[in-house]
**Student:** 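Dumping the structure here so I can ask a few things about it.
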2 protein chains.
Amino acid sequence: MSRPPVADPRRTLTLRDVSEASGVSEMTVSRVLRNRGDVSDTTREKVLQAARALGYVPNKIAGALASQRVNLVGVIIPSMSNMVFPEVMTGISETLEDTGLQPVMGVTNYNPEREESVLYEMLSWRPSGVIIAGLEHSPAARAMLESAGIPIVEIMDIDGDPVDSAVGISHRRAGRQMAETIVASGYRRIGFLGTKMPEDHRARKRLEGFREGLARAGLELADEEYYGGGSALLKGREMTEAILRRTPDLDFLYYSNDMIGAGGLLWCLDQGIDVPGRLGLAGFNGVELLDGLPRKLATMDACRREIGVHAAEIIAGKRPSGVIGGELIELFPTLQPGDTIRRP
Amino acid sequence: MSRPPVADPRRTLTLRDVSEASGVSEMTVSRVLRNRGDVSDTTREKVLQAARALGYVPNKIAGALASQRVNLVGVIIPSMSNMVFPEVMTGISETLEDTGLQPVMGVTNYNPEREESVLYEMLSWRPSGVIIAGLEHSPAARAMLESAGIPIVEIMDIDGDPVDSAVGISHRRAGRQMAETIVASGYRRIGFLGTKMPEDHRARKRLEGFREGLARAGLELADEEYYGGGSALLKGREMTEAILRRTPDLDFLYYSNDMIGAGGLLWCLDQGIDVPGRLGLAGFNGVELLDGLPRKLATMDACRREIGVHAAEIIAGKRPSGVIGGELIELFPTLQPGDTIRRP
DNA sequence: CTGAAAGCGCTAACAC
DNA sequence: GTGTTAGCGCTTTCAG
């Protein structure tokens, strides 16, 4: 099919248009636009000028099909709204910046079916790699990851069996460590406050580790409280009130995340409760928000940025180790006791 | 070039593989996989079974090139970490859900050069539409948007000259309205606290509107304070302390966003300052976080989710109006006086 | 209902 | 340094 004699104004420009406008072959135009191979300065200028004048934007679809190369990295995360993933994304973006690779984000809302479809959609664009949160996936999703033939990095968590590479912390260990610290500080009647999210495996593992840590000291959780959606800060208040009403003699509250922990802290201060003397508090994540609170909530930093950086390095093949694939990087969160755990 | 006699295990599967495995022509396989046209149930089953067994994932690159159709919508936003865009994204995702379109996000960090390159990169994948925050773009970016030949929706702001469609609020009006409310409540010595971000045009317009509103009452800002990066909550505290130290007789503080406003509120309460009697406070955005604070900060809801919904409707062609392109949708934020503005 | 042929816009590989 | 040729894996179109 030959082109119509008069250009269709709605058609997007092609290499051929630039070729015709500059009087240079399509192939050479392509070379100039990709900075590939040797092209004389005269030709290069002619081409660039024509491309700019026309406002040509290359068609990556055609380019990718021809070259079998796609400069995209799929990033699949459960949520955007909890302050943890934005920082991971920052680490990824920064690291990918000078590699020519580009992150493309998909959000699953902690829904395995959605994860499956987001992954399918992404793989159908044949990205150069996939970074995906968590080690738990549906069998179909896992099969896709295994047979994708590209680097896969599972992030956030290392307690499990990675498909390929993994970068994260041990949430089980983090929970245990927090329990040990709390027990060592003399607290004995300990309550847990968390989310009703069966699919948040990292929160689950932290709680498991926490229970384990208590058990080693011959303790167990004295009470538990869970919540669904809504403002985490507000929920933290409400849950704290509820659990203390039910079990007034609790002397420590362990929150599954900093936002509800912050809500709890604000509530306790409102009530004039002596923190950390009468009641100790701790959260998880190390979010920046805590810096502005009247008192510093004890927490553990989840190494979010660092996780993003390492994951991107693996995909971009710039790991100093030189290892290709199958890397497992464990990071070690630091416990920040803040002002809400009494010194032993 | 003919294929090698033995399949390369690293090669990803093609339609032809499914065709051979099922004994059905590539064309019919393609029809089945896209639910297009009439295919007998027997054939359909054979094909689906073969595709599942092989773990075939269609190659959208080839599909897009052949069909000249890409089910992607580019979404370009300045930041992920300020609680405003996640909600816009939620509105977009929900609305696009049943349209077959998929959002692809790019982040500019309020940097016009970065916006330009993110946009270029996106357009090179020939998306079905672009949703982009703000009405201010570099000349090159604007030229790209104008000649892209696809629906463009500029969001968040309507004070300016849209390329195509726009959905948002008038930040100038919002600022003016807040000023009027404050003045009507009897405050006279008013300070402003904001960000050092010359590229945050919406914050700038709010401030302009705010000044305008004050001017109408014969007032002007008594003092101003600006900050760079860091924890917004903490900065809110520090700035509040700084501005009140410098100008102790201020009776109202207007913050450019809720996070620094929340920090300011917490600081004032720590100090035992009478809010809103001695000092009134207000922020902007209507973030959910405020619900958990000891007192409710006055704010204005920026209609974030709604903006996302309408923008996506425009791209997906499901506007009830039936209008195609060039739509301008103004939303009207509601002022929530909370507990930090005294009743007149 | 199914199949064959002809590209989509670009780049790898090779000639000149 | 530059041009030519032959696809990349799919879908459109048209013929059966």
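Bear in mind the structure is a predicted one, so any value in this text is a computation, not a measurement. Just so it is clear, the values below take in all heavy atoms, side chains as well, and ignore hydrogens, waters and symmetry mates. In what follows, every chain begins at residue 1, and chains take the letters A, B, ... in the order their sequences are listed.
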**Student:** Could you tell me whether the side chain of A:S128 and the main chain of A:V73 form a donor-acceptor pair under 3.5 Å?
**Tutor:** no
**Student:** Over how many whole Å does the gap from A:R126 atom CZ to D:dC10 atom C1' extend?
**Tutor:** 11 Å
**Student:** Between P on D:dG9 and CZ on B:R16, what's the gap in Å once rounded to a whole number?
**Tutor:** 9 Å
**Student:** How many whole angstroms separate atom CH2 of A:W125 from atom P of D:dG9?
**Tutor:** 15 Å
**Student:** Pick the nucleotide of DNA chain C nearest each of A:V57 and B:T43; which residue has the one closer to the 5' end?
**Tutor:** B:T43
**Student:** In terms of side-chain geometry, is the basic nitrogen of B:R305 or B:E87 positioned less than 4.0 Å from the acidic oxygen of its partner?
**Tutor:** no
**Student:** Base, sugar-phosphate, or nothing for B:N59, non-hydrogen atoms under 4.0 angstrom?
**Tutor:** sugar-phosphate
**Student:** Measuring from A:I155:CD1 to A:I77:CD1, what's the distance to the nearest 0.5 Å?
**Tutor:** 8.0 Å
**Student:** What does nucleotides 11-16 of chain C look like as a protein-contact string, B for base, S for sugar-phosphate only, - for none, at under 4.0 angstrom between heavy atoms?
**Tutor:** BBB---
**Student:** I need the CD-P distance between A:E20 and C:dG9, as an integer number of Å.
**Tutor:** 13 Å
**Student:** Taking it one step at a time, do B:D17 and B:T14 satisfy side-chain hydrogen bond (donor to acceptor under 3.5 Å, both in side chains)?
**Tutor:** CA-CA 5 Å; B:D17 296 306; B:T14 70; 3.3 Å; yes
**Student:** OP1 or OP2 of C:dG9 less than 4.0 angstrom from a side-chain nitrogen or oxygen of A:Y56, does that happen here?
**Tutor:** no
**Student:** A:E327 vs A:H310, test: side-chain hydrogen bond (donor to acceptor under 3.5 Å, both in side chains). Steps then yes/no.
**Tutor:** CA-CA 10 Å; A:E327 243 185 309; A:H310 291 315; over 6 Å; no
**Student:** Counting only side-chain nitrogens and oxygens, does B:S25 get under 4.0 Å of the OP1 or OP2 atom of C:dG3?
**Tutor:** yes
**Student:** Report the distance from atom CG of B:L65 to atom P of D:dG7, rounded to the nearest whole Å.
**Tutor:** 16 Å
**Student:** Once you round it to whole Å, what is the distance between C1' of D:dC8 and CD1 of B:I61?
**Tutor:** 10 Å
**Student:** How many Å lie between CG on B:D41 and C1' on C:dT2, as a whole number?
**Tutor:** 15 Å
**Student:** Think B:Q68 has a side-chain N or O under 4.0 angstrom from the OP1 or OP2 of C:dG9?
**Tutor:** yes
**Student:** Please confirm whether the shortest side-chain N or O distance from B:T14 to OP1 or OP2 of D:dG9 is below 4.0 Å.
**Tutor:** no
**Student:** Taking only side-chain nitrogens and oxygens of A:S40, does any of them come within less than 4.0 Å of OP1 or OP2 of D:dT2?
**Tutor:** yes
**Student:** Near B:E20 CD, under 6.0 Å, is it more than 12 heavy atoms from other residues, nucleotides or ligands?
**Tutor:** yes
**Student:** Please report the interatomic distance CZ(A:R304) to CD1(A:I92), rounded to the nearest 0.5 Å.
**Tutor:** 13.0 Å
